[in-house]
Amino acid sequence: MAMDGNTRPNDLSAFWMPFTSNRQFKKQPRMFVSADRMHYTTDDGRQVLDGTAGLWCCNAGHNRPKIVEAVQKQVAELDYAPAFQMGHPKAFELATKLVELAPAPFEHAFFTNSGSESVETALKIALAYHRAKGQGERTRLIGRERGYHGVNFGGISVGGIVTNRKMFGTLLAGVDHLPHTHLPEQNAFTKGQPEHGAYLADELERIVTLHGAETIAAVIVEPMAGSTGVLLPPKGYLQRLREICTKHGILLIFDEVITGFGRLGSSFAAEHYGVMPDLITTAKGLTNGVIPMGAVLATAEIHDAFMQGPEHMIELFHGYTYSGNPMAAAAGLATLETYAEEDLFARAAGLEGYWQDALHSLKGLPHVIDIRGMGLIGAIELEPIAGEPTKRAFNAFLKCYDKGVLVRTTGDIIALSPPLIIEKEHIDTLIGTIADVLKTLD
Ligand SMILES: Cc1ncc(COP(=O)(O)O)c(C=O)c1O
């Protein structure tokens with residue numbers, strides 16, 4: 001394809017790009033044509049340092065031989081097996097490996113193809129679980145302001161990002177929201193978990209009083225809210241949420257689509273924070289982003305509630321054509337092996353101090369109003385341009401890209417989540433480039 005002259009707008013017009021400013025992009029395209037370990041290569045031959053692990057998903061970096069070979073071998077061996085009423089060995093093997101990696105109470109994995117589907121699956125399992133237990137009146141779902149749970153109707157209903165909700169009608173009925181936990185006046189520039197805000201979990205008691213506990217099925221939160229701009233849970237907050245859910249028989253779902261697979265320096269945030277939910281949603285790092293796949297992890301208590309009635313009957317009327325797809329399962333197995341062989345979660349934990357210091361070195365630069373980080377995730381919040389929200393951070397993203405560094409922006413926040421194979425020199429380049437860019441921003 002010619003990438004120059006007048007052909008470019010026409011060539012690019014058919015693809016309606018997701019979560020993209022299409023008109024801006026098509027005037028000034030940014031194309032990756034290959035990737036290896038920490039770097040992408042652009043169509044004009046430039047190297048770009050990956051500060052975001054693709055979209056928070058390539059935790060082992062790019063072009064990892066074990067994963068590439070596993071997918072190549074699998075596609076030539078078994079390209080597809082029906083997901084319903086039939087199986088293939090690798091899906092079972094991956095489910096076993098996944099529950100071995102997960103904290104102890106999680107004994108079962110239900111496969112999906114994305115984070116959004118994992119969320120829909122978890123919400124449906126929560127509703128159906130209560131019904132199976134004879135509590136079918138528990139139909140309400142509680143999310144949180146600023147929460148991101150993907151883009152399907154359940155996910156945007158419990159989600160709390162206004163731009164993702166307001167164009168799409170009335171959404172699911174019977175949903176309420178906890179307040180978000182962002183308290184910049186008290187917590188700005190905290191390294192790691194903020195001190196203030198555990199009391200915000202008590203808002204769940206208010207919601208329970210308002211609706212009646214017996215009407216509430218589940219609470220879903222990201223243990224660390226990623227897509228809204230990296231909001232870390234205040235100390236004690238998740239513990240409090242767990243206590244209130246347990247007290248009222250409400251299921252707690254952790255959406256670990258970003259925090260799963262080492263992002264915080266542990267397998268899962270549940271383990272990291274020492275708080276066990278009833279369901280965990282995953283995707284992204286499960287296959288290192290290579291083949292779309294997600295999984296919902298369930299405790300034996302939840303799974304076993306469905307295993308009743310005549311044996312020939314389907315227990316859960318839910319699933320996808322590509323649940324446990326052979327290529328995805330092969331990629332997942334090779335990914336988990338790569339994480340283990342290279343001890344990547346411990347590596348992330350070991351780099352956290354250096355990462356935090358690098359991030360916080362940006363304090364005092366123009367427009368920076370907060371810095372947050374944990375594990376190998378970070379956010380730099382900028383003062384918005386008056387009347388033009390998101391523009392300052394978007395300009396920073398464009399300038400970083402021109403200087404050979406990929407960052408991600410959400411609102412006026414620069415979010416970072418590099419592959420866990422990052423070296424200290426890469427951290428210096430990433431943060432140094434952002435510093436240079438911040439000094440030149442309007
Ligand atoms: C917490 C969380 N849930 C769900 C999703 C949706 O995942 P996907 O884009 O794979 O549907 C994301 C994506 O960023 C996420 O961060």
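Whatever order the structure lists ligands and atoms in, that order sets their numbers, starting from 1. Scope of the values below: all heavy atoms of this structure, side chains included, with no hydrogens, waters or symmetry mates.
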**Student:** Can you sort out the partners of E271 under salt bridge (charged side-chain N to carboxylate O under 4.0 Å, His left out), two or more places apart, ordered by chain and number?
**Tutor:**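 With neighbours one apart ignored, the set is empty.
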
**Student:** Just to verify, what does K191 make a salt bridge (charged side-chain N to carboxylate O under 4.0 Å, His left out) with, not counting sequence neighbours?
**Tutor:**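 Here the qualifying residues are D357.
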
**Student:** Closest approach of V275 and R242, non-hydrogen atoms and distance?
**Tutor:**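 So the two residues come closest at CG1-CB, 3.7 Å.
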
**Student:** Only distances under 3.5 Å count here; give the side-chain donor-acceptor pairs of residues 322-341 to other protein atoms, sequence neighbours excluded, each with its distance to 0.1 Å.
**Tutor:**
from, atom 1, to, atom 2, distance (Å)
S323, OG, F111, O, 2.7
S323, OG, Y320, N, 3.1
S323, OG, Y320, O, 3.3
N325, OD1, M327, N, 2.9
N325, OD1, A328, N, 3.2
T335, OG1, T287, O, 3.4
T335, OG1, A331, O, 2.7
E337, OE1, K66, NZ, 3.2
T338, OG1, A334, O, 2.8
Y339, OH, G285, O, 2.6
E341, OE2, K66, NZ, 2.5

**Student:** For a quick check under 3.5 Å, do Q24 and Q28 share a side-chain donor-acceptor pair by atom type?
**Tutor:**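 Yes, a side-chain donor-acceptor pair sits under 3.5 Å.
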
**Student:** Taking any residue with a non-hydrogen atom under 4.0 angstrom from an atom of ligand 1, which ones do you get?
**Tutor:**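 Protein residues near ligand 1 are S114, G115, S116, Y148, H149, G150, E222, S227, D255, V257, I258, K284.
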
**Student:** Are the aromatic ring centres of F261 and F345 under 6.0 angstrom apart?
**Tutor:**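 That pair fails the under 6.0 Å test.
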
